[in-house]
Amino acid sequence: MALDINLMVGGEAGQGVQSIGFILAKLAARNGYEVFADQDYESRIRGGHNFFRVRICASDVGTLTEKVDLLIALNKDSVLLHSQEMRADGMMIYDNDAVKDLASEGNLLGIPLQTLAKEKAGNKIMSNTVALGAVAYLIALDLDRLKELLLERFGPGETGEKNTIAAQAGFDHAREHFEMTARRVPAGSNGRKMLLNGNEAIVLGALAAGCRFMAGYPMTPVTPILEGMTENATRMKVATLQAEDEIAAMLMAIGASFAGVRAMTATSGGGFNLMVEGLGLAGMTETPLVIVEGQRPGPATGLPTRTEQGDLLFLLHAAHGEFPRVLFAPSTVEENFWLTVKAFNLAEKYQIPVFILTDHHMATSYWTAPKFDLSQVVIDHGRIYSPGVPVDGDYRRHLLSEDGISPRAFPGTKGIVVFTAGDEHDEHGHIIEDAGMRAAMVEKRLRKTDLVRQEIAAPKTYGPEKADITLLGWGSTFGAIREAVDRLCHEGMNVNCCHFAEIWPFPVGAVEEVLAKGNRKYMVENNATGQMAQLLRAQTCIRVDGCILKYDGRPISPRFIVDQLKKEVGAVW
Amino acid sequence: MALDINLMVGGEAGQGVQSIGFILAKLAARNGYEVFADQDYESRIRGGHNFFRVRICASDVGTLTEKVDLLIALNKDSVLLHSQEMRADGMMIYDNDAVKDLASEGNLLGIPLQTLAKEKAGNKIMSNTVALGAVAYLIALDLDRLKELLLERFGPGETGEKNTIAAQAGFDHAREHFEMTARRVPAGSNGRKMLLNGNEAIVLGALAAGCRFMAGYPMTPVTPILEGMTENATRMKVATLQAEDEIAAMLMAIGASFAGVRAMTATSGGGFNLMVEGLGLAGMTETPLVIVEGQRPGPATGLPTRTEQGDLLFLLHAAHGEFPRVLFAPSTVEENFWLTVKAFNLAEKYQIPVFILTDHHMATSYWTAPKFDLSQVVIDHGRIYSPGVPVDGDYRRHLLSEDGISPRAFPGTKGIVVFTAGDEHDEHGHIIEDAGMRAAMVEKRLRKTDLVRQEIAAPKTYGPEKADITLLGWGSTFGAIREAVDRLCHEGMNVNCCHFAEIWPFPVGAVEEVLAKGNRKYMVENNATGQMAQLLRAQTCIRVDGCILKYDGRPISPRFIVDQLKKEVGAVW
Amino acid sequence: MVATAKVTQKVYAGGPTAWCPGCGNFGILSALKKALVDLQLEPHQVLMVSGIGQAGKLPHYIRTNGLNVLHGRTLPAAAAAKIVNHDLVVIAVGGDGDGYGEGGNHFLHAMRRNHDITYLVHDNQIYGLTKGQASPTSDEGFITKTTIKGAVDPINPMALAIASNASFVARGFSGDMEHLSGLIKAGIQHKGFALIDILQPCVTFNRKNTHAWYRERVYRLDQESDHDPADRTTAFTKSLEWGDRIPIGVLYRQERPVFEDRFLPITVDQPLVGLSPEPGGVESLLDEFV
Amino acid sequence: MVATAKVTQKVYAGGPTAWCPGCGNFGILSALKKALVDLQLEPHQVLMVSGIGQAGKLPHYIRTNGLNVLHGRTLPAAAAAKIVNHDLVVIAVGGDGDGYGEGGNHFLHAMRRNHDITYLVHDNQIYGLTKGQASPTSDEGFITKTTIKGAVDPINPMALAIASNASFVARGFSGDMEHLSGLIKAGIQHKGFALIDILQPCVTFNRKNTHAWYRERVYRLDQESDHDPADRTTAFTKSLEWGDRIPIGVLYRQERPVFEDRFLPITVDQPLVGLSPEPGGVESLLDEFV
Ligand SMILES: Cc1ncc(C[n+]2csc(CCOP(=O)(O)OP(=O)(O)O)c2C)c(N)n1
Ligand SMILES: Cc1ncc(C[n+]2csc(CCOP(=O)(O)OP(=O)(O)O)c2C)c(N)n1
Ligand code: SF4
Ligand code: SF4
Ligand SMILES: [Mg+2]
Ligand SMILES: [Mg+2]
């Protein structure tokens, strides 16, 4: 089997679990490997139990796997909680300064991390970096590249320097005391891929799309989007703002968009609840808008730092009344970027709200990806009013055009005024009571639904073209499903998959075509009610044969899918 | 044909259109007839154009019809706007003190309303009452009963007295100058039915159900529910409260319910947007709740004083995450009452939120109904904790019971504490991070869906048991569809209907049974996208053959259905 | 007014009104038009953002750019429009229910952020459009169908604004058009958030706080007192005056940094609305992830 | 404390905490427990209603009835629980972001309605649980990842409360447990809405307003000044004091009718929660529609 190494760092919040894990992921990426990494943490700032997993592969990877090759246990709990997850030939590094009652023998590699840090680098606090050095030795990652990374992270000054010394100490200690693990990483190419998570890819996508305004309110898992936009605000000329609440954030995005710039907001399901009213306003006033929703387990506050796909049907039907919208649920880190760009374009072309529906798993997992090719980024502002057409002084924001799209103009344009209202309105945007104009406006808005549907890509397929079983899914589950397909095919089953990233307007025709074959269909979702299965039925009357659902707040793994599918088809196999 | 008289009062806001119309409706009801009455008005307080229609029948009626037998035009606009709606033998009363350039001849009956009011009752302002007297003569409604009503309304003092004089003057004038209309009301029985609208029936239902708390925020069309509850608050011992916004209203209802009383709120789609977050909280904390949502045309502020059925799918999917709920959409005034009682019972039995989804048309239309039989009202609080079971000190609000229902207890109970959280929690209501407990809690909550489904009544059917065509619908359209069925059958078509009032959990089995026959199906909805048609497809894979949709803000009439259906089946007929 | 003026009342003529005859809103509409004409602003330079209610309809009756949003949600939309295009004169307008009830949170935070916008609140102490329920400013004890035991202690918008460190806090009266128009002008000219709470009789639903009731009580601060609008404490004390005498005019005014200038991560030298994308910047950003 | 006390600290022992070691929240938890014990209240008599945030977790760590609602939504839920069962001692608790950001509107209106509840705000001038963004009370210029040019002018909860005519307005400090516990006791005993804003160092994310920072500045109003909490204007002036010296204690207190007694359409003689339905009343109501 191809290279596939799985590392895990475990410890309590505040111990630097995320930091070590990230450096390892980055190190592997710098070595030219494909990496997938994700964190599991509690809704607290210190204590509790966290872990970070890094998977290093030679080829494309979009999911974690179950068994651990190398565990870095920063505390006793990690030793206890994760030993069962170790592969038979797996190794565990632990701090034998901290965990005294464990014998360093066999694959249990006790290292006096704190002592080494103190002795060599002069500071106990660098024990994590000592561990990093040891790992670099054990799985044969390049020590120089590790040092380079440490200097980038901690700066070229004393702190950086000391960290390289600590890493060297760990490396040396490991070389002296242990053998390399069986699963070492062969010296890789210097591919210099990007390593980034879903949130970061969305920030980049928004910036590439020329987004000029973002208002938000902190909420896990998408707070880093607001923070990331703000970090880049000065150089990219984006106005960003932490609002008093989500209602304000949404209305601000609408105000900015109406005034003439690309605008967005981001929140999780709980915060989105409060944006529903604004969503309807955007629908009624035909204001372009991009809304990122990062799902986490609900209802209500649920599990704030966990993952779920429980908000699909909510977003598709949110807000009273009827108006067109678009919904994307990116399934790879690249899609996070490209669908964000597309979202801004569709929002402006059709003057509608566009959702990017992600989830905790997608938002926070790190992936490697080749550098996005910005020459492929196209910006389409849609139909913009040119003075004189129609004649000056009679600009009509809601012109009843044949395709339902009226030219946009922005306040401040000499010679005209631009008006719109959340009340039903006439072409000029002014309140009406008239039945005929009402019906005409409803039809105008809804005409855009079929138009925008033509822009929606068909679901992705993977695996053999003809198969007995098709696994279906959407959003963040793609990596896991794809790998499940591989494993099942490997085991001799004939399975493929059909996966949705561009979900609404539902690409009915394309779906019916893809699913026309008479194979058995199983829907894989990270929720409890099979929301995509319901949507598929509502849109196409296609019933799936079963659902593989996970709703414990944890992401779906290939093994879970394989096991569940076997249960489902048990009788048959 | 059976008795069927249609009156219309037209004028501008502030002229007393609603007041005259209501008295006429009440008068007919007092005469023992079945009445249906509704108002058409603009979102303004004075001016514009309003009209009120009253339909008087010998038997059950639940909709308006198109043609007017008698128009009371309080201003010139009404004459102009409504003449085409008159039946050939219809009559029009107008004030020839106000509308000078119209000749009183044929069926145009000019009456010097203001002069008569001034001369006989000493006050021009009573011209409306003069008109009422004239109407009483023209369609042969009992003058004494009219006087009785006026005294009830204006009190037995001078104002009441003068109003009876004004009515007499109008009556006398009409007797002297005009002939009765062809469509007069034969002296009726003294049936003394109730005359009330949907909002009032909900207030009565809530009070009968023992609701003890209501918080709300004014919003058309359901403001009268908060006002009605408040009016009766003192004698019925209900705490009511106009909150600062809908978010607060919703949270207040949750706080009150958690503390141990039956609680409700009411709003329209726009306000409900803001309650979505609270809805999820009720779902997560398993707090019983009754929410009335009175639909009006959306999105956003839309047409505030008009009607639509555009919020069905929104309410069914509102709030992130997954949890059970119930949705009723009453289709008669009686159902407004009885389903409200049932809503409170189901909310408590299953510890879930229950929607009563009404609309402007249903909320504000007046219907006659026999007095509700309160002996049929049953109150079921569901499972309540008894001290000692389970043992004191270990009360578990979210006990993982087999059927998903945990006994409720209320704060203040000696020996125990009651705890719940909007975070995912353990049986005691305390925050958890654990995957296993999370999954168990999700399953516990969702188990209640199938349980409560068993309480949902099958859709109503009407018309021949075997038919070529079945009209489907939900909520406020029942009266119109039923009458369309009658008319179509009368014309020789073989049509019946299937109509939903108890919509969620969708009574899948019952529906499949009712719709099993191979007839053609047309869905009638007051919206633009056929939401119930979508729901039906999602739940049963049954596709309708067409949709008859109206989305101009006006209610659906029997004629509209008949005409549209004929277009739909045109080729066939 | 000015003989050579380009901009006249006529260019601001809007659609037909749907207010009740005699409503105080008419005075506000006139005062606003006069202020805009006095300032010689052209309609395309002005953006009105309004909520829902009788007051919220105002932008439909004057010919400027307009964004008529939701009940209570004027301020965030108005603030953002100003952020992305600071060339616009942004005026938010709504009712007392809209601004202090549904929109109370935005009110608090817009004041502290000190966005450079003007906020007109038509304060009729009642919910007009929904037919007469108590509003947050209804006098204590005011009876309506939802407050049958009387309204609770009202919000005091002036006191709240002063406590929130708003930079321009004024009260006007729709019955004193001249004075009100001056306040609106001053509000627009003020660099920062300008609150103008306007006493506005609702002739249909508020039978207590009528034209006559207000007229008897209001007095102009600049004429009948030596009030110093620069002093926060005395401004607070003044804000508590409500009863036999009600002050109108500027209660409090200060200079402090506006949000657009000081607290945005970008410097708004040129309106954002005019900028085109800069792919170069993104390219270098991508490199940071390698 | 009292030798014969039935109620001890032990009966209030709650679950394990998830706060950082050294967090100011621990002081608040202790002060609260002490206050409840001092008042000899039993756990079943107390209802804690909390929001989301580090502060909002508090009720999980003390054994009373508890309703842990949503971020920013404590007050309406708490007020309603009190309305339907006035026998309960209702204590709302949340963070500064929770109460003054997301929940700002409820804050304003709960104060004017004067519900008879106590409201503890853990004011760490930061968003703790979401890892360190500016809060509405972050000091002006405070740099975080969302305020890279510094936080705007903060909300002043004391000034806002006094402007809102709140009936009990106090500030405590988590580092002065004795004093804080006294404030909480006084707040619970006060008939009406009692706001206690509590300075609470967040040792992880707020590196400016630390334990030491607060300790250097806070002084007790009752000991080190002759402040008269009955005077609204001087209370307002006091509320503006923030910098080298920060007053703790009761800034303002007044007696005024509470919502439950004066403004509800019903008289709350007996808790509503105990009443059974009265079909007789409905019957007579039906007759009115005939
Ligand atoms: C979210 C929401 N809630 C309620 C309403 C209904 N509504 C429309 S106007 C209004 C109140 C109007 O009062 P105010 O803001 O004082 O304006 P006025 O009509 O008095 O000028 C309300 C409650 C609404 N449109 N939206
Ligand atoms: C509607 C909503 N928006 C955002 C969040 C995310 N969130 C959780 S806690 C918190 C802020 C916490 O700050 P604060 O209220 O000051 O409490 P602290 O953690 O500092 O005690 C936020 C924004 C949420 N849970 N709900
Ligand atoms: S109801 Fe009152 S506020 Fe509204 S237009 Fe009429 S008078 Fe003016
Ligand atoms: S993050 Fe701050 S407020 Fe939260 S527990 Fe830690 S120290 Fe306390
Ligand atoms: Mg008002
Ligand atoms: Mg805080």
Side-chain angles (χ1 to χ4, degrees), chain A residues 12-15 18 41-50 199 203 214-236 238-249 266-271 273-274 294 296 298-305, chain D residues 16-23 25 50-54 56-57 60 67-73 95-108 124 126-138 142-152 154-155 202-206:
Chain A
E12 66 182 46
Q15 278 197 305
Q18 144 95 16
Y41 63 106
E42 300 182 3
S43 182
R44 60 192 290 165
I45 307 300
R46 298 256 180 276
H49 180 67
N50 293 2
N199 278 336
V203 168
M214 173 171 189
Y217 188 82
M219 191 155 195
T220 307
V222 295
T223 310
I225 296 182
L226 178 61
E227 292 174 343
M229 293 294 281
T230 304
E231 189 187 337
N232 294 300
T234 311
R235 67 167 148 158
M236 296 300 296
V238 189
T240 67
L241 172 44
Q242 177 180 327
E244 58 270 29
D245 57 29
E246 288 85 353
I247 302 178
T267 186
S268 179
N273 290 330
L274 296 161
R296 57 192 221 191
T301 309
L303 290 172
T305 62
Chain D
T17 60
W19 291 322
C20 310
C23 175
N25 285 332
S50 74
I52 299 297
Q54 301 287 20
K57 293 178 184 169
H60 291 277
L67 175 60
N68 182 185
V69 296
L70 301 160
H71 185 56
R73 312 300 170 198
D96 43 338
D98 186 281
Y100 308 140
E102 188 80 72
N105 203 30
H106 312 310
F107 178 55
L108 286 187
N124 52 11
I126 195 96
Y127 282 18
L129 193 57
T130 49
K131 305 193 175 173
Q133 301 79 22
S135 94
T137 55
S138 290
F142 188 74
I143 307 277
T144 71
K145 285 188 182 176
T146 57
T147 55
I148 57 176
K149 297 242 283 183
V152 300
I155 289 261
C202 166
V203 298
T204 305
F205 295 112
N206 188 334

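Naming: A, B, ... by sequence-line order, numbering from 1 per chain.
Atom-to-atom distance recorded for D:Ile148:CD1 and A:Thr234:OG1 is 4.0 Å, nearest 0.5 angstrom.
Only the side chain of D:Phe205 comes within contact range of chain A, judged by heavy atoms closer than 4.5 Å. For A:Thr240, no part lies under 4.5 angstrom from a heavy atom of chain D. Proximity to chain D is limited to the side chain of A:Leu274, based on heavy atoms less than 4.5 angstrom apart. Residue D:Lys57 touches chain A through its side chain alone, counting heavy-atom pairs closer than 4.5 Å.
By number of non-hydrogen pairs under 4.5 angstrom with chain A, the leading residue of D:Pro21, D:Cys20, D:Gly101 is D:Cys20. Of all the listed residues (D:Ser135, D:Pro136, D:Ala134), the one sharing the greatest number of non-hydrogen pairs under 4.5 Å with chain A is D:Ala134. Chain D forms the most heavy-atom pairs under 4.5 Å with one residue out of A:Asp245, A:Thr305, A:Ile247, and that residue is A:Asp245. With respect to chain D, the highest number of heavy-atom pairs below 4.5 Å among A:Arg46, A:Met219, A:Met229 belongs to A:Arg46. Among A:Glu227, A:Glu244, A:Glu246, the residue with the largest count of heavy-atom pairs under 4.5 Å with chain D is A:Glu227.
Around the NZ atom of D:Lys149, the shell of radius 6.0 Å holds more than 12 heavy atoms that belong to other residues, nucleotides or ligands.
A heavy-atom distance below 4.5 Å is not found between the side chains of A:Leu226 and D:Gln133. Within the 4.5 Å cutoff, the side chain of D:Lys131 has heavy atoms near those of the A:Ile45 side chain.
Among the candidates D:Thr130, D:Thr144, D:Leu129, the single residue satisfying the side chain to side chain contact (heavy atoms under 4.5 Å, CB included) test with A:Pro218 is D:Thr130.
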